[in-house]
There are 2 protein chains.
Amino acid sequence: MKKAPTIRDVASAAGVSVSVVSRVLNPESGPVAPAKRDMVLRVIEDLGYRPRAAARELSVGHAPTVGLVVADLANPFFAQLADRIVWEARSHGVQVVVMTTQEDPHLEADSLDTLLDRSVGGVIATPTGANVEKWARLQSLGVNVVFVDRTIPELADVDVVSIENVDSARRATEYMLGLGHTRIGLITGPISTSTGRSRIQGYQAAHDSRSVPVDPQLIRDVPFRGDGGGDAVGSLLALPDRPTGIIVANTAQVQSAVRRLVQTGTRIPNDLSVIVFDDSPWTELTSPPLSIIRQPIGMLALHSLELVLGRMQGKLPDGQRTIEVNADFVPRNSCSPLVLTPTR
Amino acid sequence: MKKAPTIRDVASAAGVSVSVVSRVLNPESGPVAPAKRDMVLRVIEDLGYRPRAAARELSVGHAPTVGLVVADLANPFFAQLADRIVWEARSHGVQVVVMTTQEDPHLEADSLDTLLDRSVGGVIATPTGANVEKWARLQSLGVNVVFVDRTIPELADVDVVSIENVDSARRATEYMLGLGHTRIGLITGPISTSTGRSRIQGYQAAHDSRSVPVDPQLIRDVPFRGDGGGDAVGSLLALPDRPTGIIVANTAQVQSAVRRLVQTGTRIPNDLSVIVFDDSPWTELTSPPLSIIRQPIGMLALHSLELVLGRMQGKLPDGQRTIEVNADFVPRNSCSPLVLTPTR
DNA sequence: GACCGGAGTGGAACCGGTACCACTTTTGTA
DNA sequence: TACAAAAGTGGTACCGGTTCCACTCCGGTC
């Protein structure tokens, strides 16, 4: 329980001033005679000296830290995203403070305050959609913000990394339309979120291009949390003219939706063709394995971290930046042509 | 991009000294006249003042922060654990710095150094099993350490929260033995980890109590990372006298193992009875739904956080503490009696 | 031989809080 | 009413780094 050595301990043990030790620690900040540098390094080693982050932060005014604000780590999508970001950040000598919002704007606001207190240089977030003014304030205080997966259109000047939501939803829908399905259920995220809206847009576009009318009843936007996916499945299947295919475009609701299908004994793909937005390995462990839109989490993580670090180092030109990475459609065996198995 | 107000700005704006503002901020540290308190609070509100964490940390010598060192956030087990811990910590006003080790002792050592630099008051970790001296040093520096899920026996004085590993493995094994299986494969974690050893011990105990001999060939300890689970399944099934049941007691390898079973067309439970250690919702989405040992992640999170916070506040009596929470066995449909479906 | 520029160095003022101490005012009690 | 105890207040030295500045040596150049 002895206290850790400080830079002054090192300085006196090495017979130099603290300035010299500091310059050894931060080579760019000034010259040091090679002999003294070696001496200092040896003393540092001997004493097991490590600079205290708080002192440096206080002095330089900001921390080599990025905040990561995700909705829910228990959700594999966010968990994998966090994993990759934490991992990648480490190799850049940057620490990550993880906060979760549970999709609650209040908790999100809280998180931002906390990160502000920590003087983080940047924040990567999957915003709830609220707290517009709070995000703006964060930016005005010099914190670099990157939104990943979702965005808030009202906020100009925030970098965004997402998958090609419109296109992904369009491709999934076209695939089903191509199989002959004309009544396709869509379970997506809240329309208050950009992903929710974009995926509806893609779904609509696919229908338009084939001149298939869209029945609004078939579109269900459900919250990310809770059991909305299962309920939406239930109510879609209870429709008088029930859909012959379902696209679950709300990643957080995939398990809930599939569970409901299993519970109700719905045979896939005979009774219902299914495509889900997900990338969890378990989607190939069901029978049949599910056709998925695979979200390239690694790419999302990489780009968002690169953006935020680039901003923090001022290495990026001004102006908002949007990066859209494309998501693969992975057909497996959860869809079948409508003609071969007419409904009922 | 204007700079944030400091405590001195608040003091002068409120017409008081910094001492008073500080006492308003930390009520326990001294009295303040109600009128002045209100005044200060109003100014704080007006200016949008927030104390800087770094300054406080430097002054008090430690941070209201716990480090969380997990192997791999992409693994749902750790992800859920992290989620609960982060969540629970917030309600205590404590922040969590998450680090991942990817099961690599070097990265683990790195992480500990980083957390030390941050002056965290405590660390919750799923240790790799190495870095014994490093953990000890951390403790000697006054950092409270709590191991969760796994432990390192060499380290006395470290609190541990885990599930009843021996007992859980014993119950799963007894269940299978009770169904008439006598050749039961066990896929567990590395014997270098406490969980790996304990689960083998429970497996052994169950056999002993029924006087069924244990064939060492049937026990496979595989690393947490990589595809060892699938490979172990493959080699177990290739055995001349292949097992009629398998217990996957390595949570991280469950998906890999099940994937191999699916790929090889093994019929569950007809060809093989299966029990896995897991708690992911997807285990009931396979067909048949898998019988599981459910790890009570919420309890692990709660207890470990309570322990570490309790230590940090000095509210706990001295002496190492071990908490074992029990894990439920949830029978579903992946096991069948041996007598009804003889092998081959 | 005077002068310049740069390498190398140490002193000390910060950064923004906390906490101790000395001091003045109020309050309570005999 | 007297006086001790408690409430309330401000000044200031920390905490452990960084950074600016002044200063001393050098060698090289005209």
Side-chain angles (χ1 to χ4, degrees), chain A residues 2-41 43-44 47-65 114 116-121 141-142, chain B residues 2-41 43-44 47-65 114 116-121 141-142:
Chain A
K2 56 182 174 299
K3 61 194 177 313
T6 74
I7 196 173
R8 291 175 228 271
D9 297 331
V10 174
S12 68
V16 298
S17 70
V18 293
S19 310
V20 173
V21 179
S22 179
R23 279 193 293 266
V24 170
L25 259 27
N26 316 42
E28 338 66 63
S29 70
V32 178
K36 296 210 171 183
R37 146 170 285 106
D38 291 347
M39 182 63 193
V40 169
L41 287 175
V43 171
I44 286 177
L47 267 50
Y49 167 75
R50 300 203 49 108
R52 293 195 37 187
R56 169 183 294 234
E57 281 178 32
L58 180 58
S59 186
V60 305
H62 60 92
T65 302
T114 301
L116 216 44
D117 300 347
R118 291 224 68 97
S119 323
V120 299
L141 257 37
Chain B
K2 56 182 172 299
K3 62 195 175 315
T6 74
I7 197 173
R8 291 175 229 271
D9 296 332
V10 173
S12 68
V16 298
S17 71
V18 293
S19 308
V20 172
V21 180
S22 180
R23 281 193 291 266
V24 170
L25 259 27
N26 316 41
E28 336 67 62
S29 71
V32 178
K36 295 210 172 180
R37 146 169 284 105
D38 292 347
M39 182 63 194
V40 169
L41 287 175
V43 171
I44 286 177
L47 266 50
Y49 166 75
R50 302 207 43 113
R52 292 197 39 189
R56 168 183 294 237
E57 281 178 33
L58 180 58
S59 185
V60 305
H62 59 93
T65 302
T114 300
L116 218 43
D117 300 347
R118 291 224 68 97
S119 322
V120 298
L141 257 39

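In what follows, every chain begins at residue 1, and chains take the letters A, B, ... in the order their sequences are listed. Values below: every heavy atom of this structure, side chains too, minus hydrogens, waters and symmetry copies. What you see is a predicted model, and the numbers here were worked out from it, not measured in a lab.
Distance CD (B:Glu57) to P (C:dC15): 19 Å, rounded to an integer number of Å. Rounding to whole angstrom units, CZ of residue A:Arg118 and P of C:dG16 are separated by 16 Å. Nucleotide C:dC14 holds its P atom 20 Å from the NE2 atom of A:His62, rounded to whole Å.
A:Tyr49 places none of its side-chain heavy atoms less than 4.5 Å from the side chain of A:Val40. When side chains are defined from C-beta on, B:Ser12 does not count as touching B:Arg8, because their heavy atoms never get closer than 4.5 Å.
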Query raised in the report: Along nucleotides 14-19 of chain D, 5' to 3', which nucleotides get a B, which get an S, and which get a -, given that the test is a protein heavy-atom distance under 4.0 Å?
Result: -BBBSB
Report task. Assign a letter to each nucleotide of nucleotides 23-29 of chain C from its 5' end: B, base within under 4.0 Å of a protein heavy atom; S, sugar-phosphate only; -, no contact. Result -> -------
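Closest approach of A:Ala13 and A:Val43 over heavy atoms only: CB-CG1, 3.7 Å.
Looking at B:Ser59, its side chain never comes within 3.5 Å of a backbone N or O of B:Arg56 through a donor-acceptor pair. Between the side chain of B:Asp38 and the backbone N or O of B:Ala35, no donor-acceptor pair lies under 3.5 Å.
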Query raised in the report: Would A:Arg118 and B:Thr65 satisfy side-chain contact (heavy atoms from CB on, under 4.5 Å), going step by step from the backbone distance to the final call?
Result: CA-CA 11 Å; A:Arg118 291 224 68 97; B:Thr65 302; 3.5 Å; yes
Requested in this report: List the steps, then state whether salt bridge (Lys or Arg N to Asp or Glu O under 4.0 Å) holds for A:Arg52 with A:Glu57.
Outcome: CA-CA 9 Å; A:Arg52 293 195 37 187; A:Glu57 281 178 32; over 6 Å; no
Report task. Test salt bridge (Lys or Arg N to Asp or Glu O under 4.0 Å) on A:Arg23 and A:Glu28 and set out the steps. Result -> CA-CA 8 Å; A:Arg23 279 193 293 266; A:Glu28 338 66 63; over 6 Å; no
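Contact annotation: A:Lys36 side-chain N/O to C:dG8 OP1/OP2 distance is not under 4.0 Å.
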